[in-house]
> 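Have a look at this one before I ask anything.
We use all heavy atoms of the structure for the numbers below, so side chains are in, but hydrogens, waters and symmetry mates are not. Numbered from 1 within each chain, the chains take letters A, B, ... in sequence-line order. Everything quoted here is computed from the prediction, not taken from an experiment.
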Amino acid sequence: MKVFSLKKEERLSKKKLIQELFEKGSSFYLYPLRVVFLPTNSKQNQILISVSKTNFKRAVDRNTIKRRIREGYRLNKHALSSDIFFSIAYIYTAREIVDSSIIHQKIIQSFNEITERK
RNA sequence: AAAGCAAACCGGCUUAUCGUGUCGUGGAAACGCGCCAAGGAAAGUCCGGGCAACACAGGGCACCGUACUUCCUAACGGGAAGGUGGCGCGAAACGCGCCAACAGAUAGCGCCACAGAAAAUAAACUACCCACAACGACUUGUCGCGAUGGGAAAAGGUGAAAAGGCGGAGUAAGAGCCCACCGCCCCGGUGGCGACAUCGGGGGCAUGGCAAGCCUUACGGGUUGAAAGGCCAAAUAGGCCACACUUCUUAACCGAUACUGCUGCCCGCGGUAUGCGCAAGCAGGUGUGGUUGGGUAGGCUGCUCGAUCCCCGCUGUAAAGCGGGGGCUAGAUAAAUGAUAAGCGCUUCAAAAAACUGAAGUACAGAACCCGGCUUAUAGGUUUGCUUUUAUU
């Protein structure tokens with residue numbers, strides 16, 4: 001598998017898995033993100049990105065933030081290496097649009113948190 | 001040339017690295033290669049239609065919507081052309097532009113704040129005119145005054161609006177009481193498909209405003225909405241059929257009553273329940289086998305070739321229609337169409353012109369079944385038309 005790709009299999013799309021993640025998963029806050037994660041028995045890490053409609057009324061802004069987070073995960077996901085895999089949800093909680101470089105940095109930090117806490 | 005107004009259109013480009021989705025192609029697979037990949041509003045969800053499911057014998061009333069005319073259209077509350085009224089520009093026009101909830105107020109009910117005498121069967125304030133008891137004056141039969149009785153609706157002031165307007169004649173003072181012109185109403189002619197325009201005759205005014213209070217007239221209106229709907233495999237509740245065992249009461253039809261469906265109500269027509277009447281033989285439970293299969297989560301489909309787009313010709317004042325040629329132009333589903341970096345272009349500013357340099361800015365905004373409109377947001381730019389100002393000929 002290529003290093004920087006991000007296929008559909010790496011995204012959470014099943015309703016049951018999402019419900020399980022939010023009911024049983026543990027979470028921590030890392031500005032501007034809230035991260036929810038749960039170890040799973042699937043064959044790879046799966047992520048979910050969410051931006052609240054109340055904080056960003058325009059769809060253009062929500063798309064931009066989602067794309068930046070996705071790129072941050074895609075370009076750095078090789079740093080998250082472990083013997084087990086996780087379901088991870090990134091929820092954007094800030095009220096303003098943050099630069100890409102900061103988001104990238106925070107995502108790398110989140111990987112360290114997850115591997116420590118498991 | 002500049003400014004203003006209106007209409008139509010455009011609304012960034014290139015490269016590098018790493019990525020995403022549909023389709024095509026190679027491959028057993030992993031994956032590789034190629035093509036394409038947001039908008040003028042994709043937005044608001046305000047109208048109209050296609051498509052789909054469900055419902056529907058029919059009639060009346062209610063409810064909701066629309067409202068100058070003709071045309072366009074699949075349809076519309078949209079558009080085109082025109083009529084009428086109002087406003088703006090202008091010296092002015094039969095000019096140009098903008099706006100209109102633009103059917104009916106002699107079908108009926110209701111309302112008309114404040115001010116004002118009075119707000120709709122007019123008049124109770126001031127002012128005007130006539131008569132005249134009492135009183136006053138003096139030139140002693142006249143004048144003044146005004147309780148009171150009557151006339152009039154012209155004048156003042158109030159108001160958004162004061163009972164057709166203006167002028168004349170008339171009168172005690174006045175009044176469509178009478179007359180001319182204008183307005184209004186009625187009838188007829190002419191032109192126009194029509195809204196309407198115009199001409200002639202008659203009426204003496206009867207008819208204040210509000211329909212965005214109720215209402216009247218004419219026309220239209222099933223409900224839901226892609227989370228619609230269809231298909232697939234799995235597990236399972238339930239239904240149905242056959243057989244066996246078991247228990248003993250009660251099924252169907254018709255009438256009656258109650259509830260309910262047809263947008264609401266009534267009539268009408270259906271459906272269900274009750275088991276009172278009439279009537280008479282099957283009804284319930286358990287097990288086995290077969291068959292069917294609601295809902296839930298998942299996958300596939302619906303899904304993008306269409307009232308389609310571009311060009312040319314013809315018809316029409318135009319909206320638009322017809323014919324010919326060419327093109328295929330997003331299909332995601334916890335939701336792709338991107339991220340990062342560099343450069344270019346454009347606009348503004350740095351006194352003025354050109355070049356250079358620097359700084360700042362580069363909008364509104366993201367498809368979710370598909371179309372036709374409307375409304376709202378939008379940095380900057382282009383074109384066309386009209387008006388005004390200045391310059392030149």
Side-chain angles (χ1 to χ4, degrees):
Chain A
M1 188 180 280
K2 294 188 68 180
V3 186
F4 294 118
S5 71
L6 187 73
K7 293 279 185 187
K8 195 175 166 184
E9 294 80 56
E10 297 179 58
R11 279 179 268 154
L12 264 181
S13 59
K14 305 277 185 206
K15 211 169 182 176
K16 274 186 184 171
L17 294 177
I18 295 166
Q19 243 171 10
E20 206 177 290
L21 168 62
F22 282 104
E23 278 167 14
K24 300 181 184 169
S26 39
S27 72
F28 56 90
Y29 180 74
L30 186 71
Y31 175 88
L33 298 163
R34 204 173 95 85
V35 183
V36 183
F37 68 98
L38 183 72
T40 62
N41 47 12
S42 63
K43 290 172 184 164
Q44 57 204 330
N45 292 317
Q46 290 186 308
I47 64 159
L48 173 148
I49 302 162
S50 171
V51 182
S52 154
K53 206 170 190 174
T54 34
N55 289 344
F56 297 94
K57 290 242 162 67
R58 282 185 292 272
V60 178
D61 298 335
R62 293 199 298 275
N63 281 347
T64 307
I65 293 163
K66 282 182 188 174
R67 282 164 181 163
R68 282 180 180 171
I69 295 170
R70 198 178 65 212
E71 290 294 299
Y73 177 81
R74 182 174 72 79
L75 294 171
N76 297 303
K77 67 173 182 177
H78 57 273
L80 178 64
S81 55
S82 161
D83 42 347
I84 55 168
F85 294 106
F86 296 95
S87 291
I88 309 168
Y90 288 102
I91 300 161
Y92 193 84
T93 53
R95 288 177 185 279
E96 64 281 342
I97 301 172
V98 175
D99 280 353
S100 280
S101 52
I102 297 171
I103 291 173
H104 286 213
Q105 212 182 330
K106 295 289 181 180
I107 283 173
I108 294 168
Q109 282 183 31
S110 78
F111 292 160
N112 298 334
E113 285 269 351
I114 289 168
T115 35
E116 277 173 29
R117 285 180 184 225
K118 69 177 177 186

> Counting only side-chain heavy atoms from C-beta out, which of B:A334, B:U340, B:A367 sits nearest to A:Ala59?
B:A367

> Give every residue pair that meets the salt bridge (Lys or Arg N to Asp or Glu O under 4.0 Å) criterion with at least one member in residues 88-106 of chain A, sequence neighbours excluded.
none

> Once you round it to whole Å, what is the distance between P of B:U340 and CG of A:Leu75?
10 Å

> Can you tell me how far CD1 of A:Ile65 sits from CG of A:Leu33, rounded to the nearest 0.5 angstrom?
10.0 Å

> Where does B:A237 land, syn or anti, given syn is within 90° of 0?
anti

> How close or far is atom P of B:A336 from atom CD of A:Glu71, stated in whole angstroms?
12 Å

> Which pairs, with at least one residue in residues 50-63 of chain A and sequence neighbours excluded, count as a salt bridge (Lys or Arg N to Asp or Glu O under 4.0 Å)?
A:Arg58-A:Asp61

> Kindly point out which of B:C18, B:U340, B:A336 is positioned nearest to the side chain of A:Arg74?
B:C18

> Tell me, which of residues 87-102 of chain A have any heavy atom that sits under 4.0 Å from an atom in RNA chain B?
A:Ser100

> Under a 3.5 Å cut-off for both contacts, is B:U315 paired Watson-Crick or G-U wobble with anything, and if yes, with which nucleotide?
B:A320

> With rounding to the closest Å, how many angstrom separate the P atoms on B:G271 and B:C68?
49 Å

> Nearest whole angstrom, please: distance from the C1' of B:A332 to the CZ of A:Arg70.
12 Å

> From CZ of A:Arg58 over to C1' of B:U378, roughly how many Å is that when rounded to an integer?
12 Å

> With syn defined as a glycosidic torsion within 90 degrees of 0 and anti otherwise, which applies to B:U304?
syn

> How close or far is atom C1' of B:A335 from atom NZ of A:Lys53, stated in whole angstroms?
13 Å

> Show the numbers, then the answer: is there a side-chain contact (heavy atoms from CB on, under 4.5 Å) between A:Ile49 and A:Tyr92?
CA-CA 8 Å; A:Ile49 302 162; A:Tyr92 193 84; over 6 Å; no

> Any strand is fair game: report the nucleotide pairing with B:C185 by Watson-Crick or G-U wobble, both distances under 3.5 Å, or none.
B:G202

> Under the side-chain contact (heavy atoms from CB on, under 4.5 Å) test, which residues partner A:Ser26, sequence neighbours left out?
A:Phe37

> Write down the partner of B:A339 under the Watson-Crick or G-U wobble criteria, each distance required to be under 3.5 Å.
B:U17

> Just how far is it from atom OG1 of A:Thr64 to atom CD1 of A:Ile97, taken to the nearest 0.5 Å?
6.0 Å

> Any strand counts, and the cut-off is 3.5 Å on both contacts for Watson-Crick or G-U wobble. Which nucleotide pairs with B:A273?
B:U257

> Both distances below 3.5 Å, Watson-Crick or wobble geometry, any strand: find the nucleotide opposite B:A363.
none

> When you get a sec, tell me which of B:A367, B:A365, B:G338 is the closest nucleotide to the side chain of A:Val60?
B:A365

> Which base sits across from B:A53 as a Watson-Crick or G-U pair, both distances under 3.5 Å?
B:U223

> Is there a Watson-Crick or G-U wobble partner for B:A67 with both distances under 3.5 Å, and which nucleotide is it?
B:U217

> For B:A115, give its Watson-Crick or G-U wobble partner with both distances under 3.5 Å, or none.
none

> In whole angstroms, how far is the P atom of B:G19 from the OH atom of A:Tyr73?
15 Å

> State which residues pass side-chain contact (heavy atoms from CB on, under 4.5 Å) with A:Ser100; sequence neighbours excluded, sorted by chain then number.
A:Arg68, A:His104

> For B:G77, does the O4'-C1'-N9-C4 (purine) or O4'-C1'-N1-C2 (pyrimidine) torsion place it in syn, i.e. within 90° of 0, or in anti?
anti

> Look at the aromatic rings of A:Tyr73 and A:Phe111 and report parallel, tilted or perpendicular, splitting at 30° and 60°.
perpendicular

> Could you please name the option among B:A335, B:C18, B:G366 that lies closest to any side-chain atom of A:Lys66?
B:A335

> Atom CD1 of A:Ile69 and atom P of B:G19: how far apart are they, to the nearest Å?
21 Å

> For A:Asn63 and A:Ile49, take the nucleotide of RNA chain B holding the closest heavy atom to each; which residue's nucleotide lies nearer the 5' end?
A:Ile49

> How do A:Arg67 and A:Lys57 order along RNA chain B: which one's closest nucleotide is nearer the 5' end?
A:Arg67

> With sequence neighbours excluded, what pairs up with A:Ile91 under the side-chain contact (heavy atoms from CB on, under 4.5 Å) test?
A:Phe22, A:Arg34, A:Val36, A:Ser50, A:Thr93

> Atom CZ of A:Arg62 and atom C1' of B:A38: how far apart are they, to the nearest Å?
16 Å

